[in-house]
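These notes concern the structure reproduced below.
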Amino acid sequence: MPGTVLLLAASPAGKSCLVDAASVLPILAAVAPDVLSGTDTANVVELADPLEPQAVLTRLRAAATAPGPLTVFLTGQLQLDRRQRLPHLALARTTPATVRYTGFPWHWIREELRLRTPGSTAVVVDLHTDAETWQHLATQPLTVGPGALLYGRVAPPPPRRAVASPTYMKSVATILRSGHRPPLAHLHQQALTRSSGEDPEAARRDIVLTVDPTQPMHHTPPAQPPMHPVPGFQPAPPSPVPVQVSLPAPAPASASASFMAPPPSLPPSDPHAEITAAVESGRHAEAAELAGRQEQEALRVHGPGADEVVHWMEVRADLAMFAGDAELSCRIWLAVADVRLAAGQEPGAPGVEAAVDRAHHQWGRIDDSARARELGPALAGLRLRVPGRRQGALDDVQRHLSRLQAQV
């Protein structure tokens with residue numbers, strides 16, 4: 001089965017830039033697609049210095065829903081938004097004051113990858129941070145979902161007025177240009193060794209990310225960064241055996257749990273795996289029935305509004321999208337947003353924003369004008385409370401609803 005590769009390099013223009021992310025793309029683009037993917041054939045999508053978060057989301061979503069293995073090579077810098085203190089991938093127009101609106105939220109990566117079969121996804125990263133984000137990552141390690149492999153490094157801020165080079169990702173690309181793709185764990189170790197030759201301080205300084213859900217987990221807590229001069233972390237062990245250096249705490253089921261990534265301890269009959277198999281073979285009605293039964297069981301055991309119930313509602317919303325039923329998907333996402341808000345979550349909470357954004361997205365794809373008119377006022381009401389990160393979202397709903405009403 002063909003693989004998919006997403007090459008993403010992003011960094012702000014001007015004085016906010018910490019790393020010359022795009023400089024790695026010509027080297028990666030010179031690697032044969034099958035070598036990048038580790039499959040016989042592959043589709044490669046390249047995204048260089050994107051301007052809009054929605055453009056990144058569209059490309060990532062398309063890659064995440066493609067069949068076959070997915071490999072993401074991501075180079076850039078992370079910054080925290082000032083309101084929720086969540087890490088974002090800084091894009092071309094991002095400044096410290098506009099991260100929330102112009103950056104790409106890191107948790108969107110988890111949201112999109114959560115639908116993929118465990119073990120079919122690998123994310124390779126070379127990231128730089130500002131001082132505030134570096135301190136944040138000491139206690140809140142990055143994750144890309146419990147079913148995805150994550151390799152790479154996170155580096156602290158470069159010296160003042162300096163722009164760093166993505167030496168780790170360039171090492172990855174140079175190794176792959178040989179035409180041979182070693183197992184990712186080996187490629188990761190080789191790249192660390194090669195890049196440390198160009199930057200000897202990297203081994204002492206960087207956070208090394210080595211997360212493989214298929215291997216036994218060993219938690220090595222990151223060192224507490226000193227206040228000065230530069231925070232330091234212990235390097236990963238030289239053994240090629242994957243070790244989890246930064247083990248994330250489990251996320252609440254309502255926020256980022258993945259029905260495609262059950263914990264390794266669950267038996268093979270876990271409903272997540274059954275739903276995955278049904279979707280991949282086109283048995284959408286069967287997948288929806290399985291998810292519906294799980295939601296009813298969660299409702300019986302935990303009661304209305306419980307995280308477990310919301311989780312299965314989200315699963316059903318995604319399954320409706322896969323089945324091409326935009327109306328049903330929109331209805332369920334609207335219900336998810338209402339449940340989250342009724343439970344006391346803030347309008348700016350990631351789970352609430354994601355639910356409303358997805359309801360909005362699916363609403364715009366409803367072919368039946370009468371059905372769209374029916375759902376429009378509910379969506380507009382939610383948009384008043386949850387404007388989201390995309391400017392003009394409420395105006396977009398109101399304009400589209402006016403057009404629909406004019407058709408009557």
Side-chain angles (χ1 to χ4, degrees), residues 6 8 10 53 56-57 60-61 63-64 70-81 84-90 99 103-129 133-155 168 184-185 188 206-223 233 236 242-266 272 307 311 314-315 318 349-351 353-354:
L6 176 60
L8 172 56
V56 179
L57 180 61
L60 177 61
R61 181 168 294 167
L70 168 65
T71 307
V72 179
F73 295 92
L74 193 162
T75 309
Q77 70 185 63
L78 294 179
Q79 294 177 224
L80 297 179
D81 75 275
Q84 295 180 302
R85 298 188 59 77
L86 295 174
H88 289 57
L89 180 68
V99 174
F104 186 79
W106 187 264
H107 65 266
W108 285 9
I109 297 176
R110 294 196 303 269
E111 283 289 316
E112 296 307 316
L113 299 185
R114 75 190 181 113
L115 302 178
R116 293 188 53 81
T117 304
S120 68
T121 309
V123 182
V124 182
V125 302
D126 189 342
L127 299 166
H128 285 68
T129 68
T133 309
W134 177 255
Q135 295 285 338
H136 174 83
L137 293 179
T139 56
Q140 302 289 330
L142 290 178
T143 67
V144 290
L149 287 73
L150 173 62
Y151 292 101
R153 63 97 179 241
V154 182
Y168 169 83
L184 279 178
H188 169 66
D206 296 348
I207 301 174
V208 175
L209 302 172
T210 311
V211 181
D212 184 346
T214 67
Q215 298 292 327
M217 298 296 188
H218 303 286
H219 182 197
T220 304
F233 282 77
V243 185
Q244 179 149 336
V245 175
S246 297
L247 178 62
S254 63
S256 60
S258 167
F259 75 77
M260 296 302 188
S265 60
L266 290 180
H272 298 84
D307 286 347
H311 167 65
E314 293 176 336
V315 169
D318 282 326
E353 286 190 340

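This chain uses plain numbering: 1 for the first residue, then up along the sequence.
Of the possible donor and acceptor atoms, none in the side chain of Trp134 sits under 3.5 Å from a partner among the backbone N and O of His128. In this structure a side-chain-to-backbone donor-acceptor pair under 3.5 Å is missing from Asp126 to Thr75. Checked by atom type and distance alone, the side chain of Arg116 pairs as donor or acceptor with a backbone atom of Ala64 at under 3.5 Å. Thr133 places a side-chain N or O within donor-acceptor distance of the main-chain N or O of Leu80, the cut-off being under 3.5 Å.
Under the 4.5 Å side-chain criterion, counting only non-hydrogen atoms from C-beta, Leu74 is in contact with Leu127. In this structure, the side chains of Val125 and Tyr168 stay at 4.5 Å or more apart for every pair of heavy atoms. Between Glu314 and Arg114, some side-chain heavy-atom pair lies under the 4.5 Å cut-off. Annotation: side chain of Leu113 is in contact with side chain of Val123 (closest heavy-atom distance under 4.5 Å).
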Check the pair Leu60 / Trp108 against side-chain contact (heavy atoms from CB on, under 4.5 Å), numbers first and verdict last. CA-CA 9 Å; Leu60 177 61; Trp108 285 9; 5.6 Å; no
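Partner of Phe104 under the side-chain contact (heavy atoms from CB on, under 4.5 Å) criterion, out of Leu8, Leu89, Val99: Leu89 alone.
Using the six-membered ring where Trp is involved, Tyr151 and His188 have ring planes that are tilted, between 30° and 60° apart.
To the nearest 0.5 Å, atom OG1 of residue Thr121 and atom CG of residue Leu150 are 12.0 Å apart. Here the CD-CZ distance, from Glu111 to Arg61, works out to 9.5 Å after rounding to the nearest 0.5 Å.
Closest approach of Gln84 to Pro350, counting heavy atoms only: NE2-CD, 3.8 Å. Heavy atoms only, all atoms of each residue included: Pro53 and Gly103 are closest at CG-O, 3.3 Å. Taking every heavy atom of both residues into account, Trp106 and Leu78 meet most closely at CE3-CD2, 3.8 Å.
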